[in-house]
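To start, the structure under review is shown below, and the notes come after it.
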Amino acid sequence: MKVSIAGAGFYGSTLALRVAEAGYADDVVLTDIVEGKPQGLALDLMQSRPLASFETRVTGTNGYDETAGSDVCVITAGVPRKPGMSRMDLLETNARIVSDVTRRLVAASPDAVLIVVSNPLDEMTALAAAVSELPKSRVMGQAGLLDSSRFRHFVAERLGVPAREVKAITLGSHGETMVPVPSLATVGGRPLAEALDDASIAEIVQRTRDGGAEIVALLKTGSAYFAPAAAAETMVRAVAQDTNDVHPVSAWVDGAYGIEGVYVGVPARLGREGVQEVVELDLTSDELAALRTAAEAVRGKQDEVLRL
Ligand code: APR
């Protein structure tokens, strides 16, 4: 099992650490344009092996030869936000980077599953799918797992319960039209609405929507990467281990939920071939309407990015 990660910044290097420590990959390759950075990080990670107890070989490179034959490629290359910026402000810069990186990764690993995490997420995923010319099922983006993890954390913190007891998903875009789905959220198996009043749920939904910006404002020099890398690792694992688990991801939706031909956040069954199916859950009419609104909002931007 070989996993390549383009972009050895905070996100890429944290993801490399999480994948290596999880132990299912034989090889993790980090590639970046900055000379020495991926090599130095790979050496540092390799030197943690005796203590962190993993045997995954981590390699750093400025090229793509070393990524050849990867099973999974993750694109984290690009610039992160600064305070006051929206993810959309990164569009042009990251579109250039993501196109270039996608071409090179796919030339070396034509059979890989591609996972995109660079922002703006839904647009960069659509771009990578177009540039790669891979089947759409083999290209997906990470957003919903992160957004739902944020939602779950806020609920768990509010109620003082273990985070793993809170189950929830978020759909829609990784941005303004994110759709947290409180109707399907549970705490210890019971509906969230039995544990929290509507006003508290609405407050948590809003904090989830603003979750990335809250961290950008605190960090001032970049964006979140610990929870994002945990979310991306969950997707890498689902593909690498062919788990068939259902996770919220940015997937190509063509028919489900009455949505046609767009990358947007939906629950999807993931396995060795990427997205095996988009899963249609019972949403309330408001949630379904919000998901369709999100799909239309990202469609416009996705068309724009493909014209760049
Ligand atoms: N090829 C390879 N690597 C590149 C390229 C390129 N063409 N252009 C930039 N990079 C690398 C940078 O050298 C840097 O090491 O991408 C890395 C980005 O790392 P950071 O600046 O630390 O940003 P990070 O926090 O990792 O976020 C990366 O993920 O969450 C999103 O919005 C975020 O789009 C951003 C991405």
Side-chain angles (χ1 to χ4, degrees), residues 1-83 85 87 90 92-110 112-119 121 124 127-128 131-132 142 215-216 219-233 235-236 240:
M1 175 56 50
K2 183 168 180 176
V3 178
S4 287
I5 301 169
F10 287 110
Y11 200 145
S13 56
T14 308
L15 177 60
L17 168 73
R18 292 204 190 281
V19 172
E21 289 192 350
Y24 49 77
D26 305 298
D27 282 284
V28 170
V29 181
L30 268 173
T31 182
D32 198 284
I33 40 165
V34 178
E35 269 178 44
K37 185 177 186 181
Q39 293 87 344
L41 290 167
L43 189 55
D44 191 9
L45 279 167
M46 287 295 273
Q47 290 168 1
S48 74
R49 292 201 305 171
L51 303 172
S53 300
F54 65 86
E55 291 302 324
T56 304
R57 189 169 37 246
V58 186
T59 309
T61 175
N62 300 117
Y64 286 80
D65 290 351
E66 294 83 348
T67 68
S70 294
D71 300 284
V72 186
C73 294
V74 187
I75 300 177
T76 80
V79 293
R81 286 194 276 174
K82 299 228 163 57
M85 286 173 90
R87 294 185 179 95
L90 307 172
E92 287 198 22
T93 308
N94 283 354
R96 271 194 299 278
I97 295 172
V98 168
S99 306
D100 179 53
V101 164
T102 301
R103 275 192 200 95
R104 293 170 196 266
L105 282 172
V106 173
S109 303
V113 168
L114 274 190
I115 298 173
V116 180
V117 313
S118 307
N119 275 310
L121 189 275
M124 293 304 109
L127 177 65
V131 168
S132 69
Q142 187 299 112
I215 292 175
V216 170
L219 294 179
K220 298 182 185 67
T221 54
S223 52
Y225 51 94
F226 287 125
E233 192 279 323
M235 292 172 68
V236 173

Nearest heavy atoms of [X] and [Y], plus distance in Å:
X: K37; Y: A8; value: CE-O, 3.2 Å
X: K220; Y: P83; value: O-CD, 3.2 Å
X: L41; Y: S13; value: CD1-CB, 3.9 Å
X: A112; Y: C73; value: CB-SG, 3.9 Å
X: A20; Y: T56; value: O-OG1, 3.4 Å
X: S118; Y: A77; value: OG-O, 2.6 Å

So among L43, I5, D32, which one has a side-chain contact (heavy atoms from CB on, under 4.5 Å) with P38?
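That would be D32.
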
So [Y] and [X], do their side chains get closer than 4.5 Å, heavy atoms only?
X: L45; Y: L17; answer: yes
X: V216; Y: K82; answer: no
X: N119; Y: R81; answer: no
X: R103; Y: Y64; answer: no
X: T59; Y: V28; answer: no
X: V116; Y: Q142; answer: no
X: N62; Y: I33; answer: no
X: L15; Y: E233; answer: yes

From [X] atom [atom1] to [Y] atom [atom2], the distance as rounded to the nearest 0.5 Å:
X: Y24; Y: M1; atom1: OH; atom2: CE; answer: 9.0 Å
X: I215; Y: S223; atom1: CD1; atom2: OG; answer: 9.0 Å
X: L121; Y: R87; atom1: CG; atom2: CZ; answer: 8.0 Å
X: L127; Y: I97; atom1: CG; atom2: CD1; answer: 11.5 Å

Between V74 and V117, is a side-chain contact (heavy atoms from CB on, under 4.5 Å) present by the stated rule, with each step listed?
CA-CA 7 Å; V74 187; V117 313; 4.0 Å; yes

Crowded around F10 CZ? As in, over 12 foreign heavy atoms under 6.0 Å?
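No, CZ of F10 has 12 or fewer neighbouring heavy atoms, counting only those of other groups under 6.0 Å.
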
Under 6.0 Å from the CZ atom of F226, do we count more than 12 heavy atoms belonging to anything else shown?
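Open.
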
State whether the side chain of [X] and the backbone N or O of [Y] hold a donor-acceptor pair below 3.5 Å, judged by distance alone.
X: T102; Y: A128; result: no
X: T31; Y: G63; result: yes
X: K2; Y: V29; result: no

With a 3.5 Å cut-off and no angle check, do the side chains of S4 and T67 form a donor-acceptor pair?
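Checked: S4/T67 side chains show no N/O donor-acceptor pair below 3.5 Å.
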
Tell me whether R104 is salt-bridged to D100, with the criterion being a basic N under 4.0 Å from an acidic carboxylate O.
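Looking at R104 and D100, the cut-off is met.
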
If the threshold is 4.0 Å, N to carboxylate O, is there a salt bridge linking D27 and R57?
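Salt bridge: yes.
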
Flag the pair Y225 / Y11 as yes when their ring centroid distance falls below 6.0 Å, and as no otherwise.
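Centroid distance Y225-Y11: not below 6.0 Å, so no.
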
Given the rule in the side-chain contact (heavy atoms from CB on, under 4.5 Å) test, do V113 and D71 qualify, once you have shown the distances and angles that lead to the verdict?
CA-CA 6 Å; V113 168; D71 300 284; over 6 Å; no

